[in-house]
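Below, chain A is the first sequence line, B the second, and so on; all start at residue 1.
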Number of protein chains: 2
Amino acid sequence: MEPLTDADAELWAAWVAASEALAQVSTDVAEATGLSEPDVTVLMCLQQADGARLRQSDLATTTGWHRSRLSHHLKRMAERGLVNRTEVPGGVEVRLTTMGRAAAARARPVHADAVRRHLVAPLPSRDRERLVTILRRLTAPGS
Amino acid sequence: MEPLTDADAELWAAWVAASEALAQVSTDVAEATGLSEPDVTVLMCLQQADGARLRQSDLATTTGWHRSRLSHHLKRMAERGLVNRTEVPGGVEVRLTTMGRAAAARARPVHADAVRRHLVAPLPSRDRERLVTILRRLTAPGS
DNA sequence: GGCTCGGTGTTGTCGTGTCAACGAATGCGA
DNA sequence: TCGCATTCGTTGACACGACAACACCGAGCC
């Protein structure tokens, strides 16, 4: 319960600053495609799914979202014509519309480019390797 | 405009996962104190300010927030009794209430503890040094 | 005085996210 | 058959943040 050491405070500050810098990835994608970060998450999950369709509960699992969040968001995406939902026995099936598929196709290269610009390019290759290793320690079981 | 290499995709995935893990810092603080992350930001800025009071525009500068966001948030914080606002020539002055000061005092050790638990403790000291260096490259001028 | 201008805050609207409450379908044991 | 829990999804209320539109005020200038 003591205050952070200077070194730890600097580490935290650096983390916060870097997080804000990397938030630019989502901003770039949004500007170029009109899709929010959650939009992209949903579109990518659906496109990678077998048959490009998923039960809503499976989508909740793969995104890690709560059911209510997913319900709200899919409703909005459906209103914008990106997905459609049909009742099936024991749940709801979500599918990409043609517009949704097109939006996903547009988003992918923009996203890749933004990641390269904001995360990959600023770091020498040695740092990138080290960073992966370190980041994984932050999410390791005994975190 | 080509897709990410496997290594770059892994780096991005590791970053996203770690970000979600470190979001737990705010969650911990919120659970323990009832304060959101923006609440804490405001409280800390005010407490460190000379005389524990700031012009609203100065607060906008130090937090990096838009004026409208700050206005909305201060209104809510004022309703909860954490700050009060008084008009002064050429602007509005924000001050901590007694409750606000107490909340800030409660939040500080909780925050420090959360940072230690989620960011500092999982990493050996060598990694912490490297991480600071790498993160700073992500926010360097030519980012 | 009357003028524009830049700076300061507020407000409304919309998209988003969380939480708790609810409703419908399913299964299962008494 | 009757309950009862589980799973699934929706809904409403609220907090939060971005954006644009607006009002206000003091400074400078005609």
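For B:S26, the side-chain hydrogen bond (donor to acceptor under 3.5 Å, both in side chains) partners at least two apart in sequence or on another chain are B:E37. Scanning for side-chain hydrogen bond (donor to acceptor under 3.5 Å, both in side chains) contacts around A:W65 gives an empty result, with sequence neighbours left out. With sequence neighbours excluded, the residues forming a side-chain hydrogen bond (donor to acceptor under 3.5 Å, both in side chains) with A:S36 are A:D39, listed by chain and number. A:E20 pairs by the salt bridge (Lys or Arg N to Asp or Glu O under 4.0 Å) definition with nothing, not counting sequence neighbours. With sequence neighbours left out, A:E10 forms a side-chain hydrogen bond (donor to acceptor under 3.5 Å, both in side chains) with B:R136.
The phosphate of C:dG17 has OP1 or OP2 within less than 4.0 Å of a side-chain N or O from A:H73.
Atom NE2 of B:H66 is separated from atom C1' of C:dT8 by 15 Å (rounded to the nearest Å). With rounding to whole Å, A:L74 atom CG is found 16 Å from C:dG15 atom P. Counting to the nearest Å, the P atom of C:dC19 and the CH2 atom of A:W65 are 15 Å from each other. Here C:dT18 presents its C1' atom at 12 Å from CZ of A:R76, a figure rounded to the nearest Å.
Within a 6.0 Å radius of CD in B:E87, no more than 12 heavy atoms belonging to other residues, nucleotides or ligands are found.
Between B:R95 and B:V83, every side-chain heavy-atom pair lies at or beyond the 4.5 Å cut-off. Two residues are said to be in side-chain contact when any heavy atoms from C-beta on lie closer than 4.5 Å; B:M77 and B:V42 meet this criterion.
Defining each end axis of the helix from C:dG1-D:dC30 to C:dA30-D:dT1 as the rotation carrying four pairs' C1' atoms onto the next four, with five pairs an end, the two axes are found to diverge by 20° to 10 degrees.
Protein chain B contacts DNA chain D from D:dC16 to D:dA20, reading 5' to 3' and using non-hydrogen atoms of the protein with a distance under 4.0 Å.
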Where do N or O atoms of nucleotides 9-12 of chain C meet protein N or O atoms at under 3.5 Å, pair by pair?
from: C:dG9; atom 1: OP1; to: B:V92; atom 2: N; distance (Å): 3.0
from: C:dG9; atom 1: OP2; to: B:S57; atom 2: N; distance (Å): 2.9
from: C:dG9; atom 1: N7; to: B:R67; atom 2: NE; distance (Å): 2.8
from: C:dT10; atom 1: OP1; to: B:R85; atom 2: NH1; distance (Å): 3.3
from: C:dT10; atom 1: OP2; to: B:Q56; atom 2: NE2; distance (Å): 2.9
from: C:dT10; atom 1: OP2; to: B:S71; atom 2: OG; distance (Å): 2.7
from: C:dT10; atom 1: OP2; to: B:R85; atom 2: NH1; distance (Å): 3.4
from: C:dG12; atom 1: O6; to: B:H72; atom 2: NE2; distance (Å): 2.8

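Within the structure, every pair that satisfies the ring-ring contact (aromatic ring centres under 6.0 Å, His included) test and touches residues 79-117 of chain B, not counting sequence neighbours, is listed here: A:W12-B:H111. Within the structure, the ring-ring contact (aromatic ring centres under 6.0 Å, His included) test picks out no pair touching residues 28-55 of chain B (sequence neighbours left out).
One finds a salt bridge joining B:D28 and B:R117 here, because a Lys/Arg side-chain nitrogen approaches an Asp/Glu carboxylate oxygen to under 4.0 Å.
Residues B:L70 and B:V88 do not share a hydrophobic cluster, clusters being chains of Ile/Leu/Val/Met/Phe/Trp/Tyr side chains in contact below 4.5 Å.
Within residues 26-48 of chain B, the residues having any heavy atom under 4.0 Å from DNA chain D are, by residue number, B:S36, B:P38.
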Which pairs of donor and acceptor atoms, one on a side chain in residues 43-57 of chain A, lie under 3.5 Å apart (sequence neighbours left out)?
from: A:Q47; atom 1: OE1; to: A:R108; atom 2: NH2; distance (Å): 2.3
from: A:R53; atom 1: NH1; to: A:E93; atom 2: OE2; distance (Å): 3.4
from: A:R55; atom 1: NH2; to: A:G90; atom 2: O; distance (Å): 2.7

